[in-house]
2 protein chains.
Amino acid sequence: MAKMGRPREFDRDTAVEQAMHLFWERGYEATSLTELKASIAGGISAPSLYAAFGSKRGLYDESVALYLATHGQVMECLWDQTLSPREAIETALRRSARMQVERGHPRGCMVALGVMADCPPGNDNTRTPIRAARARNRAGILACVKRGIATGDFSAVVDARATATALDSFLLGMSTLARDGATLAVLDAAITQALRVLGA
Amino acid sequence: MAKMGRPREFDRDTAVEQAMHLFWERGYEATSLTELKASIAGGISAPSLYAAFGSKRGLYDESVALYLATHGQVMECLWDQTLSPREAIETALRRSARMQVERGHPRGCMVALGVMADCPPGNDNTRTPIRAARARNRAGILACVKRGIATGDFSAVVDARATATALDSFLLGMSTLARDGATLAVLDAAITQALRVLGA
DNA sequence: CAACATATGTACCGATTGGTATAGATATTA
DNA sequence: TAATATCTATACCAATCGGTACATATGTTG
């Protein structure tokens, strides 16, 4: 049996994608319901939005989930055991850089930029999906570094945690560079240099 | 002749410092007049705040100027020609890291975190003091790298721009790490590794 | 067909936003 | 002292915030 009732006149998935772009661009608090309503299918009404998503927070949560399931997947190669540790890290950095400056969506990484733009008001910002994603990426980098030490690939690395933190910091900073207008060529060249922390 | 009229009952400099802490912690838009009023000298009235600063934006501008004149000065060693290029960069990174996690003010760097938290609404965010400070730090790092290549200190560096960008990205990322709870020990150890992009 | 379920449009809600009008309080200057 | 300049307190403003009541439109199911 198909779903009953009057069908909604806008595509729900497209609406979440549009909302994601706005939240990604401006952050949670800075994005108003008015902007969200206006951006969806050429403008929808408040009751339509609330019937579909429950609240601004609900739409935000779905937007974050969509981001993590799509653009955020560029970091998943960190967990790919078929890649060498160096390949995994380099691929993650280059795929993230490319994603961060490609056309069709805001620049930078929503997970990194979420440091200031996440934080739904009056809430503990200590355990949001955005923060969890940063923690996961952090753990992935550290795991790769440790794996590289174990395999002997990173013979020059003396402090796994410190090296992983350096790479993590570099990764997080790329979002600010992207927002400041850095080109993919500049980011890619920087990645090449940053990888030297793993040894020649 | 001293200034006439009824003297204000709160210290103006202290008020700007308090406002700076709020803007630094939450960003421009997310910080409300109510919070600002309440935080100054145990609570002041709206007319008092407007008589002293003109507008929320005026208070923000003074807060940013105060930050750049105080905490932001940790980066000025990048322009100190009496330091070797390596010393200048390492000092800037370590001083910034220490500042970012020290007690008494929000964690992270207001200049770096300003990517999302700056941007007064309906304004071009392309030429704010915060963005200008990022550009200045960027130029300072690049100048140090170029100087190190010229002096022969960085004989292993093949691409000044790319190496400087890598260090810039690392620096910017530290603010997110600081917000995520990184300790000074972790940041300092990461700096030691990041500096390897300049060669052993 | 009737009954039901869902979405939409209009109109509205209380709370909060940044900001101000006005009057009174408190200082310096003449 | 009187005049003037500045700050403070109370009260208020229009605009916007996120969110909702209610009637109506439009679909499926029996």
Side-chain angles (χ1 to χ4, degrees), chain A residues 1-16 18-20 22-23 25-64 117-123 125 128, chain B residues 1-16 18-20 22-23 25-64 117-123 125 128:
Chain A
M1 49 178 142
K3 49 188 170 185
M4 295 196 305
R6 177 175 176 174
R8 74 164 49 88
E9 298 178 358
F10 62 92
D11 184 72
R12 200 178 188 282
D13 293 340
T14 305
V16 175
Q18 272 294 337
M20 178 191 73
L22 282 177
F23 286 129
E25 175 74 42
R26 323 238 290 107
Y28 177 77
E29 286 186 302
T31 304
S32 71
L33 260 305
T34 305
E35 290 173 297
L36 291 165
K37 281 154 44 187
S39 76
I40 296 175
I44 66 170
S45 67
S48 293
L49 194 153
Y50 277 80
F53 304 107
S55 67
K56 179 187 181 183
R57 177 66 191 277
L59 178 53
Y60 177 73
D61 289 342
E62 289 198 42
S63 299
V64 170
D118 199 23
C119 184
N123 200 331
N125 57 352
T128 69
Chain B
M1 49 179 141
K3 50 189 171 184
M4 296 197 303
R6 176 174 175 176
R8 73 165 49 89
E9 297 178 0
F10 61 91
D11 184 72
R12 200 177 187 284
D13 294 340
T14 304
V16 175
Q18 273 294 336
M20 177 190 74
L22 282 177
F23 286 129
E25 175 74 42
R26 323 237 288 107
Y28 177 77
E29 286 186 303
T31 304
S32 71
L33 261 305
T34 305
E35 291 173 295
L36 290 165
K37 281 155 44 188
S39 75
I40 295 176
I44 67 171
S45 67
S48 293
L49 193 152
Y50 277 81
F53 304 106
S55 67
K56 180 187 181 182
R57 177 66 190 277
L59 179 53
Y60 177 73
D61 289 343
E62 289 199 39
S63 300
V64 170
D118 198 23
C119 185
N123 200 331
N125 57 352
T128 69

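First the proteins, then the strands, lettered A, B, ... as listed; each starts at 1.
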Quiz item: In terms of the nearest nucleotide of DNA chain C, which residue is placed more toward the 5' end: B:Ser55 or A:Ala52?
Solution: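 Taking each residue's closest nucleotide, the earlier one in sequence belongs to A:Ala52.
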Quiz prompt | A:Tyr28 six-ring centre to A:Lys56 NZ/CZ under 6.0 Å and within 45° of normal | solution = yes
Exercise. Establish, yes or no, whether the cationic atom of B:Arg57 lies under 6.0 Å from the six-membered ring centre of B:Tyr60 and within 45° of the ring axis.
Key: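 Judged by the rule, B:Arg57 and B:Tyr60 form no cation-pi pair.
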Exercise. Identify which nucleotide among C:dT8, D:dT8, D:dG18 has an atom closest to any side-chain atom of B:Phe10, counting heavy atoms from C-beta outward.
Key: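 Among C:dT8, D:dT8, D:dG18, the one nearest the side chain of B:Phe10 is D:dT8.
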Quiz item: What's the closest nucleotide to the A:Ala51 side chain, out of D:dG19, C:dA7, D:dT20?
Solution: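 Between D:dG19, C:dA7, D:dT20, the one nearest the side chain of A:Ala51 would be C:dA7.
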Whole-Å distance separating the [atom1] atom of [X] from the [atom2] atom of [N]:
X: B:Tyr60; N: C:dG19; atom1: OH; atom2: P; answer: 15 Å
X: A:Leu59; N: D:dC17; atom1: CG; atom2: C1'; answer: 16 Å
X: A:Leu49; N: D:dC17; atom1: CG; atom2: P; answer: 14 Å
X: A:Tyr50; N: D:dC22; atom1: OH; atom2: C1'; answer: 18 Å
X: A:Ile44; N: D:dA25; atom1: CD1; atom2: C1'; answer: 17 Å
X: A:Tyr28; N: D:dC17; atom1: OH; atom2: C1'; answer: 11 Å

Quiz item: When the nearest nucleotide of DNA chain D is assigned to B:Glu9 and to B:Ala46 on a heavy-atom basis, which residue is associated with the more 5' position?
Solution: B:Glu9
Quiz item: Closest nucleotide of DNA chain D for A:Gly54 versus for B:Gly43: which of these residues is on the 5' side?
Solution: B:Gly43
Exercise. Determine yes or no for a side-chain-to-main-chain donor-acceptor pair under 3.5 angstrom, with A:Arg12 supplying the side chain and A:Ala52 the backbone.
Key: yes
Quiz item: Is there side-chain contact between A:Val64 and A:Phe23, with at least one heavy-atom pair below 4.5 Å?
Solution: no
Donor-acceptor list for residues 34-44 of chain A side chains, cut-off 3.5 Å, not counting sequence neighbours:
unit_1: A:Glu35; atom_1: OE1; unit_2: A:Arg26; atom_2: NH2; d: 3.4
unit_1: A:Glu35; atom_1: OE1; unit_2: A:Ser32; atom_2: N; d: 2.9
unit_1: A:Glu35; atom_1: OE1; unit_2: A:Ser32; atom_2: OG; d: 3.4
unit_1: A:Glu35; atom_1: OE2; unit_2: A:Arg26; atom_2: NE; d: 3.3
unit_1: A:Glu35; atom_1: OE2; unit_2: A:Arg26; atom_2: NH2; d: 3.2
unit_1: A:Ser39; atom_1: OG; unit_2: A:Leu36; atom_2: O; d: 3.0

Quiz prompt | Any B:Ser48 side-chain nitrogen or oxygen under 4.0 Å from OP1 or OP2 of D:dT8 | solution =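 Answer yes for this pair, as a side-chain N or O of B:Ser48 is under 4.0 Å from OP1 or OP2.
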Quiz item: Do the side-chain N or O atoms of B:Ser45 get closer than 4.0 angstrom to the phosphate oxygens (OP1, OP2) of D:dT8?
Solution: no
Self-check item: Interface residues of residues 30-41 of chain B with DNA chain C (non-hydrogen, below 4.0 angstrom)
Solution: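 Contacts with DNA chain C under 4.0 Å: B:Thr31, B:Ser32, B:Leu33, B:Thr34.
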Quiz prompt | Where protein sits on nucleotides 1-6 of chain C, one letter per nucleotide: B base, S sugar-phosphate only, - none, heavy atoms under 4.0 Å | solution = ----BB
Quiz item: Contact class for A:Phe53 vs. all strands (heavy atom < 4.0 Å): base, sugar-phosphate, or nothing?
Solution: nothing
Quiz item: Quick one: CE on B:Met20 to OG1 on B:Thr31, what's the gap to the nearest 0.5 Å?
Solution: 12.5 Å
Practice problem: Would you give the length of the straight line joining atom CG of B:Asp118 to atom OG1 of B:Thr128, rounded to the nearest 0.5 angstrom? | Solution: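 Here the interatomic distance stands at 3.5 Å.
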